[in-house]
There are 2 protein chains.
Amino acid sequence: MTHPRRSSRPIYHQIADDLRVQITSGDLAPDAQLPTEGELCDRYVVNRGTVRQALGLLLNEGLIVSVRPRGYFVRDRKHMTYRPQDEYCPRPENPSADQFLTSVAQEGRSASQAIEVAIIIPPREIAERLQLPEGGRAVVRRRVRAIDGEPFNINDSYFPSDLVERSEITNPADIARGANKVLAELGHEQIRATDEIYVRMPRPIEVTRLQLGPGTPVAVHYLTGYTAQDRPVRVVENVLPGDRHVIVYERRKSDAQPGTEA
Amino acid sequence: MTHPRRSSRPIYHQIADDLRVQITSGDLAPDAQLPTEGELCDRYVVNRGTVRQALGLLLNEGLIVSVRPRGYFVRDRKHMTYRPQDEYCPRPENPSADQFLTSVAQEGRSASQAIEVAIIIPPREIAERLQLPEGGRAVVRRRVRAIDGEPFNINDSYFPSDLVERSEITNPADIARGANKVLAELGHEQIRATDEIYVRMPRPIEVTRLQLGPGTPVAVHYLTGYTAQDRPVRVVENVLPGDRHVIVYERRKSDAQPGTEA
DNA sequence: TAGTGGTCTAGACCACCAG
DNA sequence: TGGTGGTCTAGACCACTAA
């Protein structure tokens, strides 16, 4: 690799391109170790700073990870299926634990979740969806779900404070029959829901809670549940690390009217 | 800001934290200009390299953009609604143009798309979903959709080559009545579909085609359409920049059986 | 303890474009 | 043409952990 000083793709991009090809072609298999920074300096005859710029690109593309002080490794991805529908109407067959715990157990892995309940003035995104008045309070049930001890996703459910204040929902433990059931018993049965999915880089707090590496975007799934009177009574915010999830919808025949598209 | 040389959060993180607060709090409004690198060096009494590390964090978080040679600016996000359902059963009322063009026009903006057709051996992700044999060919209709002249998303549709080889589908022009209709006429009506959504950082080719800035993740939406005989006859790969889309599902009452969560 | 990546400094030259 | 960010070098010290 030469250093054509001008009018060329920057050296660190060239180095990144070279390594990227090796990774995507499989020459560098998942979990394989990359050459050390020093070796790359020698190989490409550049300064360490330039090598680090190249590696920085690959880190931010989510292609490699740095395991200090061992070196850089090709990232391996395993995707767990996430079905937004399950967030709405789960646990038909096993009402003693929630959908997440059940489905993971079926795969023979150990799942756990930490639950925390608080009454707060929710962030704008939530307040808007719950149609709360200015300064209106909400009860939030915050959960971090983990598989085999590793944090997996964030699942925060918000309810208008006045609806659930003295109900079971404010109890920081798993609700066996489901929070929706409790809401229905309180006279606020949900009959409709919308899903919104945003894609962005995680916020620092999310990086911490989910132990995210660089180059890991998240999908944020908002589920808003409405009563027959079109009143929003629940908003669930799910934060799903991109390197650990596929979001899957199954479409029924009734939804499908053939008609178009490329 | 001091430089406690040891046992502390790195300086460039502290600088990034400081700036991040100003951005998320609104002190630095969207489109506002940040101080120049030189000014930040003075303010925090650090080397330019350190300032650039801090700005690099914010760039990769998608919070700011660099407009050379003017400076750094707080990023503004505008989300356009993307409904996966529309990719399956669109243009009911206006069969002369496809769903995308129609819905954008309704918002009073100008949409356009470039179509390109090719017969290829598809990448693994596509071949698997189409259940193609090793080396099996597919017809691909590639589109880059743009709004007001700016690229917006990538929409590539794949069909098994043997099904559509000499049909209208290989014609690189908009198919007014929709490719699904053509498929149905060929005896391959789709009655079922699955959606999968992945979240990841874009590949270099996607960065180019979509003119993505750093810190912009993408959602990749795979739609697989099946016939009554469970044969996959179409895979659509949509690449949606995270800074330009919200993915929305509306859920019907029939889909909603209250039951759980949170 | 040797070797890894993480952080930080100091200085240089460049391309670009608004003034 | 001056000032911006982009690239690259050279060198220093550090924390961490596997050997």
Side-chain angles (χ1 to χ4, degrees), chain A residues 1-19 28 31-60 63-75 204 207 211-215, chain B residues 1-19 28 31-60 63-75 204 207 211-215:
Chain A
M1 179 144 323
T2 61
H3 292 209
R5 204 43 182 228
R6 266 334 115 228
S7 75
S8 148
R9 191 165 170 77
I11 297 172
Y12 74 97
H13 267 118
Q14 297 179 36
I15 297 174
D17 291 346
D18 195 27
L19 293 172
L28 279 170
D31 290 327
Q33 181 168 9
L34 274 72
T36 65
E37 291 183 354
E39 288 167 349
L40 292 171
C41 291
D42 295 344
R43 174 185 305 181
Y44 296 106
V45 196
V46 292
N47 183 273
R48 181 163 163 235
T50 304
V51 162
R52 283 180 60 80
Q53 276 185 289
L55 293 170
L57 287 181
L58 301 179
L59 283 171
N60 284 321
L63 288 179
I64 63 173
V65 293
S66 157
V67 184
R68 200 166 52 143
R70 289 178 48 219
Y72 295 93
F73 295 82
V74 178
R75 190 160 174 176
V207 171
Q211 295 174 20
L212 301 177
Chain B
M1 179 146 320
T2 61
H3 292 208
R5 204 43 182 230
R6 267 335 114 234
S7 75
S8 151
R9 192 165 170 77
I11 298 172
Y12 74 97
H13 268 116
Q14 297 179 35
I15 297 174
D17 291 345
D18 195 26
L19 294 171
L28 279 170
D31 290 326
Q33 180 168 10
L34 274 70
T36 66
E37 292 182 354
E39 288 167 348
L40 292 172
C41 290
D42 295 345
R43 176 186 305 182
Y44 296 106
V45 197
V46 292
N47 183 273
R48 181 165 164 236
T50 305
V51 161
R52 282 179 61 79
Q53 276 185 287
L55 294 169
L57 287 182
L58 301 179
L59 283 171
N60 285 320
L63 289 178
I64 63 174
V65 293
S66 158
V67 184
R68 201 167 50 142
R70 290 179 44 220
Y72 295 92
F73 294 82
V74 178
R75 189 159 172 177
V207 171
Q211 294 174 20
L212 301 177

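Sequence lines set the chain letters: A, B, ... in the order given, protein chains first and strands last, and positions in each chain run from 1.
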> Do the side chain of D18(B) and the main chain of Q14(B) share a donor and acceptor less than 3.5 angstrom apart?
Replying inline: no

> With P69(A), which residues qualify under side chain to side chain contact (heavy atoms under 4.5 Å, CB included), at least two apart?
Replying inline: none

> Among all residues two or more places apart in sequence or in another chain, which pass the side chain to side chain contact (heavy atoms under 4.5 Å, CB included) test with E39(A)?
Replying inline: P35(A), T36(A)

>> Under the rule for salt bridge (charged side-chain N to carboxylate O under 4.0 Å, His left out), what residues qualify as partners of D17(B), not counting sequence neighbours?
In response: R9(B), R20(B)

Check the interface with nucleotides 5-7 of chain C: list each N/O to N/O pair with the protein under 3.5 Å, or write none.
unit_1 : atom_1 : unit_2 : atom_2 : d
dG5(C) : OP2    : E37(A) : N      : 3.0
dG5(C) : O3'    : S66(A) : OG     : 3.1
dG6(C) : OP1    : S66(A) : OG     : 3.0
dG6(C) : OP2    : R52(A) : NH1    : 2.8
dG6(C) : OP2    : Y72(A) : OH     : 3.0
dG6(C) : O4'    : R68(A) : NH1    : 3.2
dG6(C) : N7     : R48(A) : NH2    : 2.6
dG6(C) : O6     : R48(A) : NH1    : 3.2
dT7(C) : OP1    : Y12(B) : OH     : 3.2
dT7(C) : OP2    : Y12(B) : OH     : 2.6

>> My understanding is that only residues two or more places apart in sequence, or in another chain, count here; which of them pass salt bridge (charged side-chain N to carboxylate O under 4.0 Å, His left out) with R70(A)?
In response: none

> Of V67(A), L34(A), L28(A), which meets side chain to side chain contact (heavy atoms under 4.5 Å, CB included) against F73(A)?
Replying inline: V67(A)

> In whole angstroms, how far is the C1' atom of dC8(D) from the CD atom of Q14(A)?
Replying inline: 13 Å

> Between dT4(D) atom P and L40(B) atom CG, what is the distance in whole Å?
Replying inline: 11 Å

> With Q53(B), which residues qualify under side chain to side chain donor-acceptor pair (under 3.5 Å), at least two apart?
Replying inline: none

> Sequence neighbours excluded, which residues qualify as salt bridge (charged side-chain N to carboxylate O under 4.0 Å, His left out) partners of R68(A)?
Replying inline: none

> Reading DNA chain C 5' to 3', what string of ( ), [ ], | and . shows its pairs, if Watson-Crick and G-U wobble pairs count only when both distances fall under 3.5 Å?
Replying inline: ||||||||||||||||||.

> For D42(A) and dA10(D), what is the distance between atoms CG and P respectively, to the nearest whole Å?
Replying inline: 13 Å

